[in-house]
Amino acid sequence: MDIIKPYTTRRVNKSISFYSLIEDKMKVLVATEKPFAKEAIAGIQEIVETAGFELILLEKYSDKSELLAAVEDVDALIVRSDKISAEVMAAAPKLKIVVRAGAGYDTIDTAAATERGIVVMNTPGQNSNAVAELAISMMIFMARNQFTPGTGGELKGKCLGIHAYGNIGKIVAKYGKAFGMTICAYDPFITDLTIFENDGVEVAASVEELYAKSNFLSLHIPSTPQTKNSIDYDLLMRMPKGATLVNTARKDVIDEAGLAKAMTERADLNYVTDVAADSQAELNRQFGTRVFATTKKIGAESAEANINAGLASANQIVNFFRQGDTTFQVNKIN
Ligand code: 3PG
């Protein structure tokens, strides 16, 4: 199985003391409410134990108290979408590093981590293909009436809008092209436009223009204070007739009231999501087959993604303790 290589330059923080001389066995906890594939756990275990550390597993826990008890004595933590709050960190006096096996770290209180001197990392790119494949499959599912009888539509010839051209957006663009779609993207953080040119992707001048062009719009923005509720009535009303919004990103980037209003006023709009809205039951009741939500986020639920992200997490922890490698650190300390 391919392990995706880190794509950034290696970063070593000399100010972080190395832990290799500490005699106690480092304890690495994998705490996943949504467990990794077995093969991923086997790989993590091998990396952790080869480094001389101890692996502790807390999988499928259902109550925060289990997490609070499990972190008590650990030096490192590997998580998925698990909520790592200030309370969890306070219960873990030895904790030095948290690695989010995945891309989005909105579930981790990075400010609290910084305050406690805890390094937070993610594993960018490691589960992107799984999410991209799901996004494309959701487009087909909606275009084909949720796989029920009746005339549907095709992806070929349609405009696929990519909102945020990061690791996932780039793969979705590539797959969309393979289906004969034209690709348009918007990413305010990419100033080097050759990145789009080289991929044969048109750049939208504004987010409004992107939505106005997109028959299918695939969302790949992170959840931040700036993006929360940012996909609103105004943007959705700009979409072409029969458009479908595909959300494999985060639920809170959607202004749910705005979405419901737009879908009420526009009987042609469709919404498919891997991150069910708070008001999903109501959306389902109101809009029937024009909406679809998975019951639990499955974007990164492939063995390949679990192995890539899980093993990357374990390697990042070992490299951090052994060499002070902070390449994928997302919070600033000092
Ligand atoms: C991510 O941010 O990497 C994805 O949303 C996957 O999340 P998961 O690990 O909870 O499946």
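For ligands, and for the atoms within them, numbers begin at 1 and follow the listed sequence. Only a predicted model underlies this, so the values are computations on that prediction, with no experimental measurement involved.
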(request) Any side chain to side chain donor-acceptor pair (under 3.5 Å) involving residues 134-157? Give me the pairs, sequence neighbours left out, ordered by first then second residue. (result) none
(request) With sequence neighbours left out, write down each residue that passes salt bridge (charged side-chain N to carboxylate O under 4.0 Å, His left out) with Asp73, or none if nothing qualifies. (result)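 Counting only residues at least two positions away or on another chain, Asp73 forms a salt bridge (charged side-chain N to carboxylate O under 4.0 Å, His left out) with Lys27, Lys94.
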(message) Going by the rule salt bridge (charged side-chain N to carboxylate O under 4.0 Å, His left out), which residues pair with Lys261 if we only count those two or more places apart in sequence or in a different chain?
(response) Glu265
(message) Checking Tyr271 against Asn247: is there a side-chain donor and acceptor pair closer than 3.5 Å?
(response) yes
(message) Between the side chains of Glu59 and Lys38, is the shortest nitrogen-to-carboxylate-oxygen separation below 4.0 Å, so that they form an ion pair?
(response) no
(request) Using a strict cut-off of under 4.0 Å between a residue heavy atom and any atom of ligand 1, list the qualifying protein residues by chain and number. (result) Lys34, Arg80, Ser81, Arg100, Gly102, Ala103, Gly104, Asn127, Arg250, Lys297, Ala300
(request) For the pair Phe196 and Tyr165, name the ring-plane relationship: parallel under 30°, tilted 30 to 60°, perpendicular over 60°. (result)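 If you compare the ring of Phe196 with that of Tyr165, the planes turn out tilted.
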